[in-house]
Amino acid sequence: MQQTPLKEQGSQTLLEMYLRALDLEAFQDNYQAYAKDATRSGLPYERFLLALCEAEVSHRKAQKIERAITAAKFPFVKELGTYDFTAVESIQKTHVLELAQGGYMERAENLLLVGTPGLGKTHLAIGLALAACRQNKRVRFYRTAKLVDELMVMQHNLRLSRFVAKFEKLDLLILDELGFFPVAKEGSQLLFQLVSDLYERVSIIITSNLRFAEWNQIFADEVMTTAFIDRLTHKGYILEFTGESYRYRHRLSQSFLDNGTTPSDPH
């Protein structure tokens, strides 16, 4: 017996209720359009079901990536594809793209991005971290000074162990702007302890405008500084940024434009 429109409507309502209960959001969004396409094309039921399953898997994968990016707490989003490698000769695009494949995280290796300010170290760090999120890695971004503050608060509140345990579950930790602000002795010791706890377990990306010889400014302790650098570089890569700041070049170009000249104009 052919179903009446009322029965069809009831079946549709029941189907959508089940799809919501099963959390099959992509099924619910696509089943009607896919069913019409399958009817027009004469596709078998299995092919129709396969198309819906593919849509659901793709949707869930996209959601998982979005959750990973949100959990990473990036201050802004920067893609590797928008980085101008031609402006920084010391950084090889092929090397960075190879790193973006994520093998260093499987080996719990570190990346140290150090050198001249204004050359996009944070840009590259976030670009690599985004690539990690898309590989279903657990990522967290921190300005180093903010992390140190949080470590000190947790220490004073007797919650440090629980706080540090969260970092041990990560695949990648980004510590941005190491040495940009002075760090109290207690804070530097806690940061050293955190890096020691994560050693050979969690990959760390560090960005810093300071050369290694200047890292004593961070810890004010030569022994601790040496041990800190040793742990980071034992299993890691150093990307040294040399050249003239992007921001400086932009200001210089803008100044010439405001004066009606160009950087190559001798006047």
Inset, instruction - Check whether more than 12 heavy atoms from other residues, nucleotides or ligands sit under 6.0 Å from atom CD of Q92, and answer yes or no. - result: no

Inset, instruction - Could you tell me whether the side chain of E98 and the main chain of G103 form a donor-acceptor pair under 3.5 Å? - result: no

Legend entry - Parallel, tilted or perpendicular, as decided by the 30° and 60° cut-offs, for the rings of F241 and Y83: perpendicular

Inset, instruction - Test L124 against L80 for side chain to side chain contact (heavy atoms under 4.5 Å, CB included), laying out the working first. - result: CA-CA 6 Å; L124 278 192; L80 292 177; 3.7 Å; yes

Inset, instruction - State whether the side chain of S203 and the backbone N or O of N110 hold a donor-acceptor pair below 3.5 Å, judged by distance alone. - result: no

Inset, instruction - Determine whether the side chains of E186 and H156 contain a donor N or O and an acceptor N or O closer than 3.5 Å. - result: yes

Legend entry - Within 6.0 angstrom of F180 CZ, more than 12 heavy atoms from elsewhere: no

Inset, instruction - For residues E214 and N209, report the shortest heavy-atom separation together with the two atoms involved. - result: OE1-O, 4.4 Å

Inset, instruction - State whether the side chain of S208 and the backbone N or O of V114 hold a donor-acceptor pair below 3.5 Å, judged by distance alone. - result: no

Legend entry - NZ/NE/NH1/NH2 to OD/OE distance under 4.0 Å, R143 and E177: yes

Legend entry - Heavy-atom closest contact (A132 atom, V139 atom, distance): CB-CG2, 3.8 Å

Legend entry - Donor-acceptor pair between Y199 and H234 side chains, under 3.5 angstrom: yes

Legend entry - Backbone of R159 reached by a side-chain donor or acceptor of N157 within 3.5 Å: no

Legend entry - Candidate pair L210 and L178, rule side chain to side chain contact (heavy atoms under 4.5 Å, CB included), full reasoning: CA-CA 8 Å; L210 300 179; L178 178 70; over 6 Å; no

Inset, instruction - Check the pair L160 / V164 against side chain to side chain contact (heavy atoms under 4.5 Å, CB included), numbers first and verdict last. - result: CA-CA 6 Å; L160 184 62; V164 169; 3.9 Å; yes

Legend entry - Donor-acceptor under 3.5 Å (T144 side chain, D176 main chain): yes

Inset, instruction - Kindly work out whether a path of hydrophobic side-chain contacts (I/L/V/M/F/W/Y, heavy atoms less than 4.5 Å apart) joins V77 to I65. - result: yes

Legend entry - Residue R107 excluded, over 12 heavy atoms near CZ under 6.0 Å: yes

Inset, instruction - Give a yes or no on whether L172 and F76 share a hydrophobic cluster (residues Ile, Leu, Val, Met, Phe, Trp, Tyr; joining criterion: side-chain heavy atoms under 4.5 Å apart). - result: yes

Legend entry - Pairwise distance CE(M224) to OG(S188) - rounded to 0.5 angstrom: 5.0 Å

Inset, instruction - Quick one: pull up CZ in F167 and CG in L151 and give me the separation to the nearest 0.5 Å. - result: 6.0 Å

Legend entry - Donor-acceptor contact below 3.5 Å, side chain S58 vs main chain E54: no

Inset, instruction - Salt-bridge test for E240 and K121: reply yes if a basic N is under 4.0 Å from a carboxylate O, no otherwise. - result: no

Legend entry - Least distance between heavy atoms, D197 atom then E168 atom: CB-OE2, 4.4 Å

Inset, instruction - For the residue pair F192 and F228, categorise the inter-ring angle as parallel (less than 30°), tilted (30 to 60°) or perpendicular (more than 60°). - result: tilted

Inset, instruction - Check I218 against G179 and note the closest heavy-atom contact, atom names and distance. - result: CG1-CA, 3.8 Å

Inset, instruction - Begin from the C-alpha positions of R211 and T116 and carry the test side chain to side chain contact (heavy atoms under 4.5 Å, CB included) through to its verdict. - result: CA-CA 9 Å; R211 308 265 188 252; T116 306; 4.1 Å; yes

Inset, instruction - Nearest 0.5 Å please: distance from the OH atom of Y142 over to the CD1 atom of I174. - result: 11.5 Å

Inset, instruction - For H59 and E25, indicate whether the former's side chain and the latter's backbone hold a donor-acceptor pair under 3.5 Å. - result: no

Inset, instruction - Indicate if F181 and I206 have the same hydrophobic cluster label, given that clusters are the connected sets of ILVMFWY residues with side-chain heavy-atom separations under 4.5 angstrom. - result: no

Legend entry - Donor-acceptor pair, side chain of K73 and main chain of R140, under 3.5 angstrom: no

Inset, instruction - Write down the atom of A125, the atom of I205, and the distance for their closest heavy-atom approach. - result: CB-CG2, 3.9 Å

Legend entry - Exercise: identify the closest heavy-atom pair between C133 and I69: CB-CG1, 3.8 Å

Inset, instruction - Mind checking the OG1-CZ spacing from T233 to F212? Nearest 0.5 Å is all I need. - result: 6.5 Å

Inset, instruction - Assess whether salt bridge (charged side-chain N to carboxylate O under 4.0 Å, His left out) is satisfied between E79 and R134, documenting all intermediate values. - result: CA-CA 12 Å; E79 300 284 357; R134 292 173 181 136; 2.8 Å; yes

